[in-house]
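As structure tokens, the structure follows; a few thoughts come after it.
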There are 2 protein chains.
Amino acid sequence: MTENVTTTGAGGVQSVERAFDLLEVIAASGGEAMLSELATATGLALPTIHRLLRTLVATGYVRQLANRRYVLGPGLIRLGEGASRQLGALARTHLATLVQQLGETANMAVLDGDRVLYAAQVPSRHSMRMFTEVGRRAHLHDTGVGKAILAQLTDAAVRSLVTAAGMPAATTMSITTPDALLQDLGLIRSRGYAIDDNEQEIGVRCFAMSVPNAPTPTAISVSGPVSRVDEAFGTRAVPLLRAAAEAISHDLNRAP
Amino acid sequence: MTENVTTTGAGGVQSVERAFDLLEVIAASGGEAMLSELATATGLALPTIHRLLRTLVATGYVRQLANRRYVLGPGLIRLGEGASRQLGALARTHLATLVQQLGETANMAVLDGDRVLYAAQVPSRHSMRMFTEVGRRAHLHDTGVGKAILAQLTDAAVRSLVTAAGMPAATTMSITTPDALLQDLGLIRSRGYAIDDNEQEIGVRCFAMSVPNAPTPTAISVSGPVSRVDEAFGTRAVPLLRAAAEAISHDLNRAP
DNA sequence: AATAATAGTTCCACTATACGGAAACTTCGC
DNA sequence: GCGAAGTTTCCGTATAGTGGAACTATTATT
């Protein structure tokens with residue numbers, strides 16, 4: 001058998017790769033980009049970009065403004081929601097196991113710009129329900145999942161994200177400065193999990209852990225009232241969280 | 001010269017169109033599809049589909065399960081969120097004008113499968129806040145924006161959507177049967193706007209109107225407590241809603 | 001207001017690129 | 001374990017996409 005020496009493409013369809021590159025560049029440019037910007041960013045010839053964008057505009061995945069600027073189109077919303085639902089479905093079984101084992105609500109969230117987006121949740125049986133809902137966004141600095149995700153990034157990236165999003169104090173326990181946050185992230189990195197201790201909402205505590213090797217930075221958590229979610233709970237929860245995170249990671253990366 | 005039988009549209013990049021067709025088919029199949037299903041749905045040859053999907057898998061927009069089944073990948077979440085944010089940014093100025101004119105919270109939502117997805121919101125100054133948040137999904141049959149969107153569709157499409165989603169009664173005022181819903185939609189079509197009168201939440205009333213010529217079915221609304229949002233409010237609100245909907249429509253199809 | 005400069009779009013010949021028939025391979029049902 | 005259905009690789013072919021050059025629209029400059 002000959003070894004596959006093909007470099008980047010490896011049998012990939014060139015125009016499709018390029019079309020998605022363009023979408024990613026537009027998304028990275030704050031959702032709006034000019035043709036020439038795209039040319040310098042991708043290194044492609046202008047007519048090539050123009051033709052690809054024309055196709056995307058015709059299919060509704062890109063809109064063109066009167067400025068001639070290009071922005072991400074509404075067609076992507078549908079696909080994104082579908083993908084989000086899909087990711088949630090994958091995680092749900094594992095989250096349900098956590099709920100069964102621990103009796104508290106389990107969540108999964110992904111990094112979405114400078115926020116976390118809740119992609120899946122399995123509520124506990126307890127009548128004290130969480131307000132978090134799938135599709136909702138929250139701050140990175142005051143949530144367990146947010147801090148677990150940030151702990152995977154470099155300090156520079158963390159500073160950039162939290163300055164973009166701001167660090168409002170949801171409660172008196174919230175971390176409100178980048179330096180204090182980075183210190184907590186160091187602790188999170190060393191012990192392998194994050195704690196949100198009344199930081200997002202008084203009376204709620206949360207243990208969170210990142211999902212390794214996820215295509216998009218992802219984390220899971222279990223949360224509940226401080227009366228039930230205490231130190232002893234954490235001792236039980238952390239190994240189970242780790243197992244769930246690894247199971248989700250495994251499912252995400254299942255190879256053919 | 002062979003006759004050009006393909007009506008793919010002028011100047012579109014074939015492989016890109018096909019790649020997105022595949023994504024749409026996967027999304028329509030509940031987010032999970034087999035290669036052969038995609039072949040019958042699109043009419044493409046198996047190796048062609050396989051090559052396109054391989055590209056999408058390599059770039060993270062599609063995942064392949066151990067089943068060999070293909071599902072929408074997490075890469076689409078980022079793009080979808082970007083597109084959603086973009087749409088929201090466009091609408092926000094117009095919604096802010098509505099809030100300034102009427103003093104109540106203004107929303108914009110798009111059709112997302114069998115639900116509405118809130119894409120933008122400008123809250124009112126009143127301390128009585130709405131629970132709706134950007135990114136949240138709601139039912140079609142019991143929200144003003146949902147009914148405004150449904151009123152644009154055919155009766156058959158409406159029945160299909162509400163049977164897919166179900167019609168749970170959020171309040172005692174909620175519409176719970178397709179026939180009653182279609183009757184209300186007839187009223188909405190004739191007068192040009194929708195009213196949610198305590199249907200989603202007791203004490204909340206809402207005036208909503210569809211955004212014409214939107215690439216994805218879209219509607220805007222103003223909502224608030226019944227004490228303030230009464231008949232007199234509606235008289236003032238409807239022309240302003242219409243102006244805002246037309247302004248958004250104009251922006252969507254032309255300028256920034 | 002006129003002109004220059006820059007950005008965007010159309011055209012077209014070339015060939016690299018993606019296509020799909022056929023065959024090898026893998027998984028699933030029995 | 002065998003047959004069938006589904007999936008992936010291979011490879012010759014021609015179609016479909018590419019990008020240089022020319023042209024048009026838009027914005028900046030004088």
Side-chain angles (χ1 to χ4, degrees), chain A residues 1-23 25-26 29 32-59 61-71 73 251 254-256, chain B residues 1-23 25-26 29 32-59 61-71 73 253-256:
Chain A
M1 293 298 169
T2 55
E3 203 72 16
N4 197 351
V5 281
T6 37
T7 53
T8 51
V13 178
Q14 191 185 57
S15 0
V16 174
E17 285 172 354
R18 290 175 168 184
F20 277 99
D21 277 355
L22 289 174
L23 291 176
V25 171
I26 295 173
S29 314
E32 190 174 324
M34 291 201 300
L35 191 55
S36 47
E37 289 179 296
L38 295 171
T40 53
T42 60
L44 297 174
L46 284 171
T48 302
I49 297 173
H50 183 256
R51 191 166 357 88
L52 290 168
L53 284 175
R54 174 138 46 106
T55 308
L56 293 171
V57 169
T59 46
Y61 301 109
V62 166
R63 285 193 312 114
Q64 183 166 206
L65 306 176
N67 301 344
R68 317 253 157 164
R69 286 200 170 83
Y70 293 92
V71 299
D251 281 7
R254 275 191 290 198
Chain B
M1 273 304 197
T2 56
E3 213 148 323
N4 194 355
V5 279
T6 49
T7 54
T8 47
V13 177
Q14 192 186 57
S15 5
V16 175
E17 284 172 354
R18 289 176 168 184
F20 277 100
D21 277 355
L22 289 173
L23 291 175
V25 171
I26 295 173
S29 313
E32 189 173 324
M34 292 201 302
L35 192 55
S36 47
E37 290 178 296
L38 295 172
T40 54
T42 59
L44 298 174
L46 284 172
T48 303
I49 296 174
H50 183 258
R51 192 166 355 91
L52 290 169
L53 285 174
R54 174 139 46 105
T55 308
L56 293 171
V57 169
T59 46
Y61 301 108
V62 167
R63 291 198 357 261
Q64 183 166 208
L65 306 177
N67 306 342
R68 316 246 154 174
R69 284 201 171 82
Y70 293 92
V71 299
N253 298 310
R254 277 197 168 185

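Because the structure is predicted, anything quoted here is derived from the model rather than measured. Here is the naming used below: chain letters follow the sequence lines, and residue numbers restart at 1 for every chain.
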### Query
What nucleic acid atoms does Ser15(A) come within less than 4.0 Å of, heavy atoms only: base, sugar-phosphate, or nothing?
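Result for Ser15(A) = sugar-phosphate.
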
Let me know the distance between [atom1] of [X] and [atom2] of [N], rounded to the nearest Å.
X: Leu52(A); N: dT18(D); atom1: CG; atom2: C1'; result: 10 Å
X: Leu38(A); N: dG19(D); atom1: CG; atom2: P; result: 15 Å
X: Leu44(A); N: dT17(C); atom1: CG; atom2: P; result: 12 Å
X: Glu17(A); N: dT17(C); atom1: CD; atom2: C1'; result: 12 Å

pair [X]-[Y]: side-chain heavy atoms closer than 4.5 Å:
X: Leu52(A); Y: Asp21(A); value: no
X: Arg18(A); Y: Thr42(A); value: no
X: Arg63(B); Y: Val57(B); value: no
X: Ile26(A); Y: Leu53(A); value: yes

### Query
Knowing that exactly one of Leu23(B), Ile49(B), Val62(B) qualifies, which makes a side chain to side chain contact (heavy atoms under 4.5 Å, CB included) with Tyr70(B)?
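Of Leu23(B), Ile49(B), Val62(B), side chain to side chain contact (heavy atoms under 4.5 Å, CB included) with Tyr70(B) is met by Val62(B) alone.
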
#### Entry: Separation between CZ of Phe20(A) and OG1 of Thr55(B), rounded to the nearest 0.5 Å
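So the CZ of Phe20(A) and the OG1 of Thr55(B) are separated by 10.0 Å.
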
### Query
Once each nucleotide of nucleotides 4-16 of chain C is scored for protein heavy atoms under 4.0 Å, what B/S/- sequence comes out, 5' to 3'?
---SSSB------

